[in-house]
2 protein chains.
Amino acid sequence: MQLELSVDRSSPVPLYFQLSQQLEAAIEHGTLTPGSLLGNEIELAARLGLSRPTVRQAIQSLVDKGLLVRRRGVGTQVVHSQVKRPLELSSLYDDLEAAGQRPATRVLVNKLVPASAEVAAALGVAEDSDVHRVERLRLAHGEPMAYLCNFLPPGLFDLDTDQLETTGLYRLMRAAGITLHSARQSIGARAATTAEADRLAEETGAPLLTMQRVTFDDTGRAVEYGTHTYRPTRYSFEFQLLVRP
Amino acid sequence: MQLELSVDRSSPVPLYFQLSQQLEAAIEHGTLTPGSLLGNEIELAARLGLSRPTVRQAIQSLVDKGLLVRRRGVGTQVVHSQVKRPLELSSLYDDLEAAGQRPATRVLVNKLVPASAEVAAALGVAEDSDVHRVERLRLAHGEPMAYLCNFLPPGLFDLDTDQLETTGLYRLMRAAGITLHSARQSIGARAATTAEADRLAEETGAPLLTMQRVTFDDTGRAVEYGTHTYRPTRYSFEFQLLVRP
DNA sequence: TCAATCTGTATGTCCGGACAATCTGACTAC
DNA sequence: GTAGTCAGATTGTCCGGACATACAGATTGA
């Protein structure tokens with residue numbers, strides 16, 4: 001049976017993107033079964049009235065996502081394994097929301113403070129210069145899940161406490177026109193101090209999962225530095241990795 | 001000043017790859033400074049005697065690596081931030097070796113065992129069928145750093161204890177012709193049991209960093225399932241993430 | 001003075017074709 | 001029977017061109 005594919009040339013959506021989305025949907029939906037050959041590019045292009053480079057571009061984007069594997073002389077196959085999504089720069093808020101956990105946020109602190117040496121180094125600003133300090137408690141089902149402490153350089157965008165309570169920090173940044181580009185992360189663990197334990201309803205000395213992150217926008221500016229602690233009984237980092245070819 | 005670029009058409013190395021490597025080296029070396037424009041593609045292609053698609057392919061590969069940013073109507077810029085390497089599917093052995101830590105491995109167990117339900121589900125084999133069980137202690141500077149417990153389906157390759165002591169598991173798999181494709185990881189934390197604490201020279205109840213991982217090859221087979229525990233005072237997961245556009 | 005418009009420039013998308021490299025499977029020779 | 005060889009199939013690389021689109025800065029108008 002042939003897969004039903006078609007493209008709309010009057011649409012402003014690029015042709016290769018239309019095709020890659022349809023293929024991805026077919027894989028997701030199970031119409032294209034794992035291990036099945038995709039059929040050769042030439043014929044596929046002819047069937048759709050597209051050129052081979054356009055078809056290749058569509059296929060390539062799915063190869064980059066890890067959904068397809070190409071083999072010279074063989075063809076293009078759907079990957080067997082259950083690839084869900086290759087690790088993205090995710091926000092805890094979005095993750096929880098996607099998991100249907102209806103996250104809540106309590107803003108504990110939202111003020112300007114002088115940058116410590118550590119924060120200044122991470123954000124690339126002068127020591128003791130003003131930076132935003134935001135402390136938040138993230139809850140799911142009424143239970144505390146994580147304590148988030150973030151520092152942001154001033155003047156980036158308006159840090160409204162009400163907005164911080166109803167959405168995630170990354171979403172606010174994107175809405176403010178900031179193009180996130182990359183982040184440097186560090187995940188570790190340590191025993192909870194008494195203050196940390198109190199905030200997260202754990203006991204002193206209980207194991208905590210920690211994450212530090214500096215996020216950069218596409219101009220190379222550091223736009224956020226965060227120190228987060230998670231309750232390991234409630235949260236763990238799950239992600240899919242791709243081997244870079 | 002113009003960057004010195006050249007391609008060797010007699011080389012079997014693809015032209016776009018030659019170019020991307022030279023550009024990457026120039027960025028690494030500082031010849032191309034962060035924020036500098038790369039010069040437009042048309043002229044670059046003309047200067048090198050290449051076509052624009054080839055130049056674009058070279059540039060695109062560096063954009064995918066996060067080293068360059070393209071802006072329509074503006075040009076292609078070198079990213080400011082200190083991108084080191086976007087998260088790879090790394091092996092602890094390679095990581096330690098790259099950090100100059102001269103890792104040592106002590107193989108505690110290397111035998112065939114019947115697969116438990118958990119292992120069978122992860123590897124996609126029948127329950128109670130034979131699988132390899134490998135337990136290793138990874139040390140750096142004579143200090144235990146991590147306890148690694150791995151399960152592998154039988155018949156993949158020869159699991160030699162001596163080789164396991166002198167190199168990493170991933171390197172052995174690659175050497176055996178297995179093409180690693182993706183992995184599903186989960187990073188968490190928990191308190192050490194007495195047995196775990198003894199192995200890692202920690203105290204019972206001390207926080208441990210945990211990682212579970214299933215690795216797949218390019219045919220979709222699960223080739224390895226691992227449960228690792230790390231001493232958080234000695235090890236943390238550090239990596240760079242890219243925002244997928 | 002400030003805002004809207006225009007224009008140049010650079011990347012984004014798309015085409016059609018050509019040849020090379022590699023894998024699979026069948027055929028052939030020993 | 002086994003190993004080597006060959007042919008077909010399919011992706012990999014590369015070319016040259018065309019037009020669309022978006023951004024930045026200069027120009028123009030109010």
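Just so it is clear: chains get the letters A, B, ... in the order the sequence lines come, proteins before strands, and each one is counted from 1. The basis for the numbers below is simple: all heavy atoms, side chains too, and nothing from hydrogens, waters or symmetry mates.
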Enquirer: Within this structure, what is the CG-to-P distance between A/L19 and C/dT13, rounded to whole angstrom?
Expert: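 For the pair A/L19 CG and C/dT13 P, the rounded distance is 14 Å.
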
Enquirer: Identify the 5'-most and 3'-most nucleotides of DNA chain D with at least one atom closer than 4.0 Å to a non-hydrogen atom of chain A.
Expert: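 Footprint of chain A along DNA chain D, 5' to 3': D/dA9 to D/dT13.
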
Enquirer: Could you work out, with ring pair (Phe, Tyr, Trp, His ring centres under 6.0 Å) as the rule, every residue matching B/F237, not counting sequence neighbours?
Expert: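 B/F237 satisfies ring pair (Phe, Tyr, Trp, His ring centres under 6.0 Å) with B/Y230, B/Y235 only.
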
Enquirer: Tell me whether the rings of A/F239 and B/F239 are parallel (<30°), tilted (30 to 60°) or perpendicular (>60°).
Expert: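 The arrangement is tilted - the two ring planes meet at 30° to 60°.
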
Enquirer: Answer yes or no: does a side-chain N or O of B/R70 lie under 4.0 Å from OP1 or OP2 of C/dG12?
Expert: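 For C/dG12, OP1 or OP2 has a side-chain N or O of B/R70 closer than 4.0 Å.
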
Enquirer: Nearest-nucleotide wise, let me know which of A/Y16 and A/R72 is further upstream toward the 5' end of DNA chain C.
Expert: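 Upstream on the strand: A/Y16.
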
Enquirer: Would you check if A/R70 and A/Q60 make a side-chain contact, meaning some heavy-atom pair closer than 4.5 Å?
Expert: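 A side-chain contact exists here, since the closest heavy-atom pair is under 4.5 Å.
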
Enquirer: To the nearest 0.5 Å, what is the distance between CG (B/N40) and CZ (B/R52)?
Expert: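 If we round to the nearest 0.5 Å, B/N40:CG and B/R52:CZ are 9.0 Å apart.
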
Enquirer: Is it true that A/K111 and A/E135 make a salt bridge, defined as a side-chain N closer than 4.0 Å to a carboxylate O?
Expert: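 No salt bridge links A/K111 with A/E135.
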
Enquirer: Where along residues 51-62 of chain B does a heavy atom fall under 4.0 Å from DNA chain C?
Expert: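 Those residues whose heavy atoms fall under 4.0 Å from DNA chain C, taken from residues 51-62 of chain B in numerical order, are B/R52, B/R56.
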
Enquirer: Could you check whether any side-chain heavy atom of B/L164 comes within less than 4.5 Å of a side-chain heavy atom of B/L159, counting everything from C-beta outward?
Expert: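 Yes, their side chains come closer than 4.5 Å.
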
Enquirer: Select from B/V13 and A/G73 the residue whose nearest nucleotide in DNA chain D is closer to the 5' end of that strand.
Expert: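 Per heavy-atom nearest nucleotide, the more 5' residue is A/G73.
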
Enquirer: If you pin B/P12 and A/F17 to their nearest nucleotides in DNA chain C, which one's is more 5'?
Expert: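 First, find each residue's nearest nucleotide; the 5'-ward one identifies A/F17.
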
Enquirer: For the pair made of CD1 in B/I42 and P in C/dT11, what is the distance, rounded to whole Å?
Expert: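 It is 8 Å, rounded to the nearest whole Å.
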
Enquirer: So do the side chains of A/Y170 and A/E224 get within less than 4.5 Å of each other, counting heavy atoms only?
Expert: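 Side chain of A/Y170 against side chain of A/E224, heavy atoms only: contact under 4.5 Å found.
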
Enquirer: Whether B/E24 and B/K65 form a salt bridge (side-chain N of Lys/Arg under 4.0 Å from carboxylate O of Asp/Glu) is what I want to check.
Expert: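 Result for this pair is yes, salt bridge flagged.
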
